[in-house]
Amino acid sequence: MLTGTARYLPEFGLRIRGAFNPGSGDGAPDGVQTLLLIGYLGGEMWPIFQRQGKDEPNPLDGWTRRVIDPLAKELGAVALYPFEGPPWLPFQRWAMRAEGLTQSPVGPLIHPEYGLWHGYRAALGLRERIAAVPPALPKELCADCQAKLCLAACPAGVFDGGRYDLPLCRAYLKTADNACLDGGCLARRACPVGSQNAYGPEQARFHMQAFLAAFGN
Ligand code: B12
């Protein structure tokens with residue numbers, strides 16, 4: 001079953017990012033014994049989504065459903081999506097269980113090879129218990145990083161108060177000459193980990209536009 005899934009997903013630039021057996025405090029739907037996290041690394045999903053995505057209100061979410069819903073049906077699994085909410089499903093917490101990643105000071109989880117350039121598109125909730133091997137302890141990439149170039153690189157100083165200042169970020173992105181909307185968040189781009197896997201300009205622009213639209217512009 002999982003071998004078929006692992007073969008199907010790469011056709012769409014997606015992959016199984018990890019799995020774990022959720023307990024009562026993990027926020028998985030009742031009866032789900034195994035959660036498979038599905039996502040992408042770097043730019044692998046982008047060219048396929050560009051070819052297959054439709055002109056619709058949330059094109060990446062619509063495309064994701066068209067890829068994942070049939071797979072979930074075939075497996076008799078529950079399809080769970082990071083973009084369905086609020087309330088939001090705790091995808092980052094799940095990812096930390098499934099893959100052993102840590103949170104960066106700028107928010108997203110940091111991957112040892114892909115840095116801040118990866119994301120999650122879905123999870124499959126299986127009723128069967130497939131014993132998931134716990135991931136290796138995460139590398140403390142950010143705790144061990146002295147330079148913290150990410151925090152210093154934000155042109156709007158959204159991390160200066162010690163935590164991400166969402167209204168400040170939003171206000172800056174709405175200014176005409178902001179440096180992030182077209183090329184991608186400068187704080188993310190400043191991180192040296194996995195920088196060779198950074199999204200290309202079109203993917204970066206797409207995600208930043210979607211991010212801004214999430215505020216209702
Ligand atoms: C709402 C939301 C936003 C909001 C608000 C985010 C905020 N910081 O408050 C807005 C629109 C601003 C936003 C922005 C971005 N987001 Co966002 N967002 C979400 C969404 C839909 C829900 C987050 C949430 O509230 N979850 C509910 C809580 C209960 O779940 P949680 O897993 O416990 O999440 C929290 C934990 O990680 C938490 N936490 C909980 N327990 C623990 C334990 C430890 C030890 C630690 C360290 C942290 C921690 O902090 C998280 C809060 O986000 C998620 C998708 C999802 N369903 O998770 C994406 C998601 C978190 N976002 C994502 C991304 C990439 C971004 C942006 C970089 C987008 C961009 N284009 O720039 C920015 C980064 C902003 C920032 N610096 O934080 C990715 C992160 C991927 C990754 N590599 O980790 C996600 C997972 C979406 C995805 N499909 O992959 N986002």
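Throughout, residue positions are numbered sequentially from 1 according to the sequence presented. For ligands, and for the atoms within them, numbers begin at 1 and follow the listed sequence. Note that the structure is predicted; figures quoted are calculated from it, not measured.
Inclusion of Met96 in the set of residues having an N or O under 3.5 Å from an N or O of ligand 1 is not warranted.
Among all heavy-atom pairs drawn from Asp26 and Gly23, the shortest one is OD2-N, 2.7 Å.
Summarising the contacts of atom 51 (C) of ligand 1 with Arg17, Arg205, Gln92, the nearest heavy atom is found in Gln92. Considering only non-hydrogen atoms, atom 89 (N) of ligand 1 lies nearest to Tyr120 out of Trp88, Tyr120, Tyr40.
With ring centers used as reference points, Tyr114 lies 6.0 Å or more from Trp117. The aromatic ring centroids of Tyr199 and Phe206 lie 6.0 Å or more from each other.
The CG atom of Leu14 sits 7.0 Å away from atom OG1 of Thr64, with the distance rounded to the nearest 0.5 Å. Annotation: the span from Phe91 atom CZ to Glu84 atom CD amounts to 9.0 Å, rounded to 0.5 Å.
Numbered from 1 in the order shown, with element, the atoms of ligand 1 that lie under 4.0 Å from a heavy atom of Gly119 read 90 (O). Proximity to Arg188 (heavy-atom distance under 4.0 Å) selects the following atoms of ligand 1: 68 (C), 70 (C), 72 (O). Ligand-side atoms of ligand 1 in range of Val106: 76 (C), 77 (N), 78 (O), range being under 4.0 angstrom from any heavy atom. Atoms of ligand 1 lying under 4.0 Å from at least one heavy atom of Pro108, given by number and element, are 68 (C), 82 (C), 83 (N), 84 (O). Within ligand 1, counting atoms from 1 as listed, the ones closer than 4.0 Å to a heavy atom of Pro82 are 21 (C), 55 (C), 56 (C), 57 (N), 89 (N). Distances below 4.0 Å separate heavy atoms of His207 from the following atoms of ligand 1: 71 (N). Applying the 4.0 Å criterion to heavy atoms of Leu166 picks out, from ligand 1, the atoms 12 (C).
Contacts between Pro90 and ligand 1, counted as non-hydrogen atom pairs separated by less than 4.0 Å, involve both the backbone and the side chain. Residue Arg93 touches ligand 1 through backbone and side chain together, judged by heavy-atom distances below 4.0 Å. Proximity of Leu101 to ligand 1, defined as any heavy-atom pair under 4.0 Å, is not found for any part of the residue. With a heavy-atom cut-off of 4.0 Å, Leu89 touches ligand 1 through its backbone alone. Residue contacts with ligand 1 for His111 are absent, since no atom lies close enough (heavy atoms, distance under 4.0 Å). In Tyr164, the part holding a heavy atom less than 4.0 Å from any atom of ligand 1 is the side chain.
A side-chain donor-acceptor contact under 3.5 Å links Arg189 to the backbone of Gly183. Checking side-chain atoms of Asn21 against main-chain N and O of Ala131 turns up no donor-acceptor pair under 3.5 Å.
A donor-acceptor pair shorter than 3.5 Å can be found between the side chains of Tyr120 and Glu99.
Screening Asn197, Leu141, Leu41 against His111 for a side-chain contact (heavy atoms from CB on, under 4.5 Å) leaves a single residue, Leu41.
By the 4.5 Å side-chain criterion applied to Ile, Leu, Val, Met, Phe, Trp and Tyr, Trp88 is assigned to no cluster and stands alone.
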